[in-house]
Amino acid sequence: MEPILIVLGIILVIVIAGGLWLYAGRRRGRVSDEISAHKPMSVEDLLPSEGEDTEEEADEEGAAEPAATLESPESIPGRMQRLRARLAGAGGFGKAVLSVLSRGDLTEEDWEEIEDTLLTSDLGIEVTTSLMDELRTQAKVLGTSDPEAVRAVLRAELLKLVDPSLDRSLNLERPTPAEGAQGTPAAAILMVGVNGTGKTTTCGKLARVLVAQDKTVVLGAADTFRAAAAEQLSTWGERVGVDVVRSEKEGADPASVAYDAAREAAAQEADVVVVDTAGRLQNKAGLMDELGKIKRVMEKIAPVGEILLVLDATTGQNGMRQAQVFSEAVGVTGIVLTKLDGTAKGGIVVTVQKELGVPVKLVGLGEGADDLAPFDPEGFVDALLG
Ligand SMILES: Nc1nc2c(ncn2[C@@H]2O[C@H](COP(=O)(O)OP(=O)(O)OP(=O)(O)O)[C@@H](O)[C@H]2O)c(=O)[nH]1
């Protein structure tokens, strides 16, 4: 072989070897970078570093409406059990009666004490007198004043007074539209009563129960007298995911808001529209005018099927007088007795039903969102008797 070819061969081998060495060096550098990037993870690695990815994520979230967390009520059996316990805890008048009964054979003084207790429980004189007569007669018939026997008679008599046969269901039937009305009218519930009895709260709690029963609901804030009432109702609306029709103007015409709510519910084909009203008891004529007008304008859409009078159980006989005025001002179809958790005077249930001739349909037993329940006569009497 020519010496020149040998020299060229050696140069070629050196160039190739040098190239390979340089390439391998670059690879080594890159691999070491990769290794450092995959260093073992700490907890901090799992969290986005400040001001970095969070901004991107926030932008993405901002673009999409944040999903509202809607509330739904506790199951009815669970709610009823809790409510009964609360009512019993309020110390229904039964406790006082039972403590007399536990003395054994009843003396004339014991009977009088029972009568006093019944009287102070808001049963009223008439009901108490006839109940006492019945208790004494039954004790004679049974030939005993044995406490257990008298208790059983008292339970049966109270149940009779509360009247389990009354229809306590809410009228949620879709009404026939008024002539010329547009859309599909919703079943309408009008909530009336003196201020502070719990109307707004009851509207919210009721909407919550209806939504849980898969009903679509619209709330109407026709309590335009107290600005905070519309705000309070809007908060309930957000919590349970229903639309609230309200006026931004304080002191707006309540009838016009009620009409808008009924019309909106018809347009949405909602199942139920619940309208909250103000409870000013300025004078009977004024109240009749206001409530009468609200009802009349709502009936331009469809008849109002349910007018619920909200009564505060702690106001006793005073509340009864107010109830009379409301029931004369606007035909009441049912009673919501609130704040039963704060009184031992359960007798108001009997009195109000008797005086107004309409059943207690719902009871409020606390400020919590689930503290509204259908009225259950047996559960109520048992809770009263402790
Ligand atoms: N303890 C108890 N408090 C209740 C009950 N129902 C309502 N309340 C409370 O009573 C207060 C008055 O309730 P609202 O719903 O604002 O009464 P309102 O009738 O709408 O009052 P106005 O809007 O002024 O007419 C609130 O603090 C409620 O939380 C109940 O069943 N038990």
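The basis for the numbers below is simple: all heavy atoms, side chains too, and nothing from hydrogens, waters or symmetry mates. Just so you know, ligand 1 is whichever comes first in the structure, and atom 1 is the first atom listed for that ligand.
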Stepwise, does the salt bridge (Lys or Arg N to Asp or Glu O under 4.0 Å) test hold for R155 with E378? CA-CA 9 Å; R155 184 186 185 279; E378 300 232 1; 3.3 Å; yes
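- Checking side-chain atoms of K199 against main-chain N and O of G193 turns up a donor-acceptor pair under 3.5 Å.
- Within the structure, ligand 1 lacks D371 among the residues with a heavy atom less than 4.0 angstrom away.
- Side chain to side chain, T333 and E306 meet the donor-acceptor criterion of an N or O pair below 3.5 Å.
- Nearest to atom 22 (P) of ligand 1 among the protein's heavy atoms is R226 NE, 3.5 Å.
- Ranking protein heavy atoms by distance to atom 8 (N) of ligand 1, first place goes to K339 CE, 3.8 Å.
- Ranking the protein heavy atoms by distance from atom 26 (C) of ligand 1 puts E367 OE1, 4.1 Å first.
- Those atoms of ligand 1 with a heavy atom of G364 less than 4.0 angstrom away are 31 (O).
- The shortest contact between atom 12 (C) of ligand 1 and any protein heavy atom is with G196 O, 3.7 Å.
- In this structure, V127 and L161 have side chains that are in contact, with non-hydrogen atoms separated by less than 4.5 Å.
- At a 4.0 Å heavy-atom cut-off, ligand 1 touches D223 through the side chain alone.
- The shortest N or O to N or O distance between G366 and ligand 1 is below 3.5 Å.
- More than 12 non-hydrogen atoms from other residues, nucleotides or ligands lie less than 6.0 angstrom from CD of E108.
- Residues satisfying the salt bridge (charged side-chain N to carboxylate O under 4.0 Å, His left out) test with K295, not counting sequence neighbours, are none.
- Protein heavy atom at the shortest distance from atom 18 (P) of ligand 1 is K199 N, 3.4 Å.
- Applying the side chain to side chain donor-acceptor pair (under 3.5 Å) rule to E126 yields the partners K354; only residues at least two apart in sequence or on another chain are considered.
- Side-chain atoms of D110 and T107 include a donor-acceptor pair closer than 3.5 Å.
- Nearest-heavy-atom check against atom 15 (O) of ligand 1 across L365, T201, V192 picks out T201.
- Protein heavy atom in closest approach to atom 20 (O) of ligand 1: T200 OG1, 2.6 Å.
- At under 3.5 Å, a nitrogen or oxygen of G198, whether backbone or side chain, sits near a nitrogen or oxygen of ligand 1.
- Ligand 1 does not have G193 within reach: every non-hydrogen atom of the residue lies 4.0 Å or more from it.
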Working for salt bridge (Lys or Arg N to Asp or Glu O under 4.0 Å), residues K293 and D253: CA-CA 10 Å; K293 189 174 165 198; D253 180 8; 3.0 Å; yes
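- Between K205 and D370, none of the side-chain N atoms (NZ, or NE/NH1/NH2) sits under 4.0 Å from a carboxylate O, so this pair counts as no salt bridge.
- Here the heavy atom of the protein found nearest to atom 32 (N) of ligand 1 is D341 OD1, 3.0 Å.
- Of the protein's non-hydrogen atoms, Q232 NE2, 3.3 Å is the one closest to atom 16 (O) of ligand 1.
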